[in-house]
Amino acid sequence: MITTRQPRPRPRPRPHARPNRRPVRPGPAHQLRQTGQPDPAQGPDPAERREPGPDPQREPSPEPQREPDPQRGPSRGPDSAQGPDPDERREPARGPDPASRPGPGPQRGPGSDPQREPARGPGPNPQRKPQGHHPPRAARRQLNLATRHQLTAAGIPSGTITSRSRPGGPWQRLLPRVYLLQTGPPDQRQRALSAVLYAAEPAADPLSGDTAALTGATALALLGIREAPYAPGSPVDVLIRSPRRLAATGHVRPLPTSRWPRTITVSGVPSTRPVRAAADFAARTDDPDRVRAVLAGVVQAGWCHPRDLHAELRASRLLARPAVAAAAAELLAGVRSIAEALARDTLTATDLPTPLWNARLYTPDGTFLASPDAYWPDEGVALEIDSAEYHYTRDAWHATLRRRLRLESYGVLVVSATPSMIRDTPTEVLAALRTLLTLAATRPTPPTTTARGHQQLPLPF
């Protein structure tokens with residue numbers, strides 16, 4: 001009779017866990033163990049094992065179905081089919097780290113460096129530094145413009161600059177060594193700043209205004225002077241310090257000077273002050289009417305005082321020119337436009353008293369009343385030259401009528417005329433003025449207004 005040897009008692013498994021071994025079946029191998037001879041195929045005696053383990057030669061029996069305990073919830077044991085204990089599961093299982101996963105690049109050989117970063121696929125490498133294909137930071141504050149010196153200093157190779165500025169490329173070459181980092185056409189400000197970048201010294205900051213500054217008609221156009229002619233194809237005047245010389249192009253006209261002026265920034269472009277820009281424009285313009293209109297427009301807009309402009313014209317030695325001298329004299333007299341200059345010439349040829357031009361009238365309590373084009377303070381008569389250019393809208397026309405009503409409410413007699421009336425029918429305008437001046441001299445109550453001279457507006461810088 002064959003008796004089965006009872007195995008050593010094993011540790012009690014956790015609840016709801018099945019044993020790892022099946023009961024031992026009687027067989028030839030068991031008979032050899034009963035006689036004390038170990039089986040070389042089975043290895044050491046199972047009784048001498050410290051921890052029970054699964055039998056590699058036998059298949060595990062299926063786990064019996066158990067009903068969940070409502071007090072404890074669903075049972076989970078250490079069975080590999082059930083997975084790990086949820087109490088021990090701190091975070092969801094993750095796959096291998098994508099950073100350590102090699103891409104589809106070339107495989108390493110046995111002699112490769114183990115410290116070397118694995119090859120990556122065709123996608124962008126976030127750890128790789130840019131190789132100079134991004135525009136420099138200076139382009140952000142230079143209206144998307146940059147010089148070749150700035151691009152090379154930012155690490156962009158010369159071949160990249162040349163290839164990107166070819167026809168159809170993402171950049172444009174506006175001037176020698178000046179590039180526009182966009183595909184669209186440049187606007188007025190970008191054209192003006194490109195001229196300054198071309199004329200400035202390469203190592204200096206072009207926005208400081210120390211080595212190059214915009215002047216002339218382009219600077220006045222940026223200030224809003226409508227009389228200043230501006231055309232996209234016309235040359236741009238740029239001041240540079242003397243004795244430095246710079247080759248002129250079809251778009252830039254460098255002007256060396258030994259009297260370096262104070263500079264301002266207009267719409268992001270380094271420019272000279274309006275008084276110097278007007279003098280530089282008058283020095284290079286042969287049209288007398290254009291010179292008179294631009295100088296009057298600068299003073300009328302309040303950018304400079306007539307005496308300051310006269311001093312700048314004298315320092316530039318421009319008063320020797322008859323057209324500039326006549327325009328400066330009109331501004332000192334108070335004239336602010338071409339129509340007023342024509343009216344002044346017409347009144348000068350008559351025997352009428354000399355009026356005040358663009359005087360500021362105030363009420364007795366100091367409130368500003370109006371500023372008529374011509375005013376006779378002793379008689380209380382004003383001449384208003386109303387151009388159709390400033391009365392296109394209904395609001396502008398109503399503002400003109402309200403200004404005339406305010407003047408008349410304080411005893412000022414107003415004569416209204418257009419520039420064409422003064423040019424074509426001056427006798428009618430002179431007859432109306434003569435009549436009002438005669439009537440005002442005999443009226444018992446004079447006007448209750450106070451006239452003051454021209455006042456300069458504050459510069460918005």
Side-chain angles (χ1 to χ4, degrees), residues 192 195-196 199 209 211-231 234-246 248 252-264 266 269-345 348 357-358 453-454 456-457 459 461:
V196 177
T211 59
L214 193 69
T215 188
T218 308
L220 296 176
L222 289 179
L223 293 173
I225 305 300
R226 296 183 301 174
E227 292 80 7
Y230 172 76
S234 59
V236 178
D237 295 335
V238 180
L239 287 182
I240 60 175
R241 291 184 180 271
S242 180
R244 180 169 172 255
R245 299 296 176 180
L246 188 65
V252 182
R253 183 166 53 186
L255 306 177
T257 179
S258 58
R259 296 188 310 110
W260 191 256
R262 297 174 57 186
T263 59
I264 57 177
V266 182
V269 182
S271 306
T272 60
R273 296 178 65 86
V275 61
R276 179 61 181 272
D280 292 338
F281 172 80
R284 289 160 181 82
T285 305
D286 299 331
D287 188 1
D289 295 336
R290 180 67 65 181
V291 171
R292 175 187 286 184
V294 169
L295 297 183
V298 172
V299 175
Q300 185 180 20
W303 292 112
C304 64
H305 195 274
R307 295 188 180 277
D308 298 335
L309 181 59
H310 191 272
E312 182 64 31
L313 294 175
R314 183 188 301 110
S316 301
R317 301 178 181 180
L318 296 176
L319 294 180
R321 300 183 181 184
V324 178
E330 293 172 354
L331 294 176
L332 290 177
V335 174
R336 302 294 179 266
S337 63
I338 293 295
E340 295 176 7
L342 181 61
R344 180 173 179 269
D345 296 340
T348 303
W357 294 93
N358 290 280
H454 175 79
Q456 182 181 9
L457 301 179
L459 296 178
F461 301 114

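Every heavy atom of this structure was used, including side-chain atoms; hydrogens, water molecules and symmetry mates were not.
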Would you please test V275 and W303 for side chain to side chain contact (heavy atoms under 4.5 Å, CB included) and show each step?
CA-CA 7 Å; V275 61; W303 292 112; over 6 Å; no

Does the pair H305 and V299 meet the rule for a side chain to side chain contact (heavy atoms under 4.5 Å, CB included), with working shown?
CA-CA 6 Å; H305 195 274; V299 175; over 6 Å; no

Stepwise, does the side-chain hydrogen bond (donor to acceptor under 3.5 Å, both in side chains) test hold for D280 with T215?
CA-CA 7 Å; D280 292 338; T215 188; 2.6 Å; yes

Test F281 against L295 for side chain to side chain contact (heavy atoms under 4.5 Å, CB included), laying out the working first.
CA-CA 9 Å; F281 172 80; L295 297 183; 5.9 Å; no

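The shortest side-chain heavy-atom distance between L214 and T272 does not fall under the 4.5 Å cut-off. Contact check for E340 versus N358: side-chain heavy atoms found under the 4.5 Å cut-off. The shortest distance between side-chain heavy atoms of R253 and V238 does not fall below 4.5 Å. L309 places a side-chain heavy atom less than 4.5 Å from the side chain of L331. Inter-residue side-chain proximity for R307 and L332 is flagged as met; some heavy-atom pair is nearer than 4.5 Å. Side-chain contact between I240 and T257 is absent, with no heavy-atom pair separated by less than 4.5 Å. Residues C304 and V298 meet the side-chain proximity criterion, which asks for heavy atoms closer than 4.5 Å. Side-chain contact between P274 and I264: present, with at least one pair of heavy atoms (C-beta onward) separated by less than 4.5 Å.
Taking each heavy atom of G209 and P270 in turn, the nearest pair found is CA-CB, 4.1 Å. The nearest pair of heavy atoms linking A199 to L246 is CA-CD2, 3.4 Å.
Considering only residues two or more places apart in sequence or on other chains, S316 meets the side-chain contact (heavy atoms from CB on, under 4.5 Å) condition with R259, A279, E312, L318. Here S337 pairs with nothing under the side-chain hydrogen bond (donor to acceptor under 3.5 Å, both in side chains) rule; sequence neighbours left out. By the side-chain contact (heavy atoms from CB on, under 4.5 Å) test, L319 is found to be paired with H310, L313, R314, A328, residues two or more places apart in sequence or in another chain being considered. With sequence neighbours excluded, no residue forms a salt bridge (Lys or Arg N to Asp or Glu O under 4.0 Å) with R321. For R344, there are no side-chain hydrogen bond (donor to acceptor under 3.5 Å, both in side chains) partners at least two apart in sequence or on another chain.
Applying the side-chain hydrogen bond (donor to acceptor under 3.5 Å, both in side chains) test to residues at least two apart or on different chains, the pairs with a partner in residues 284-299 are R292-E330.
In this structure, the separation between OG on S271 and CG on L220 is 9.5 Å, given to the nearest 0.5 Å.
Judged purely by atom type and a 3.5 angstrom limit, R226 has no side-chain atom pairing as donor or acceptor with the backbone of G224.
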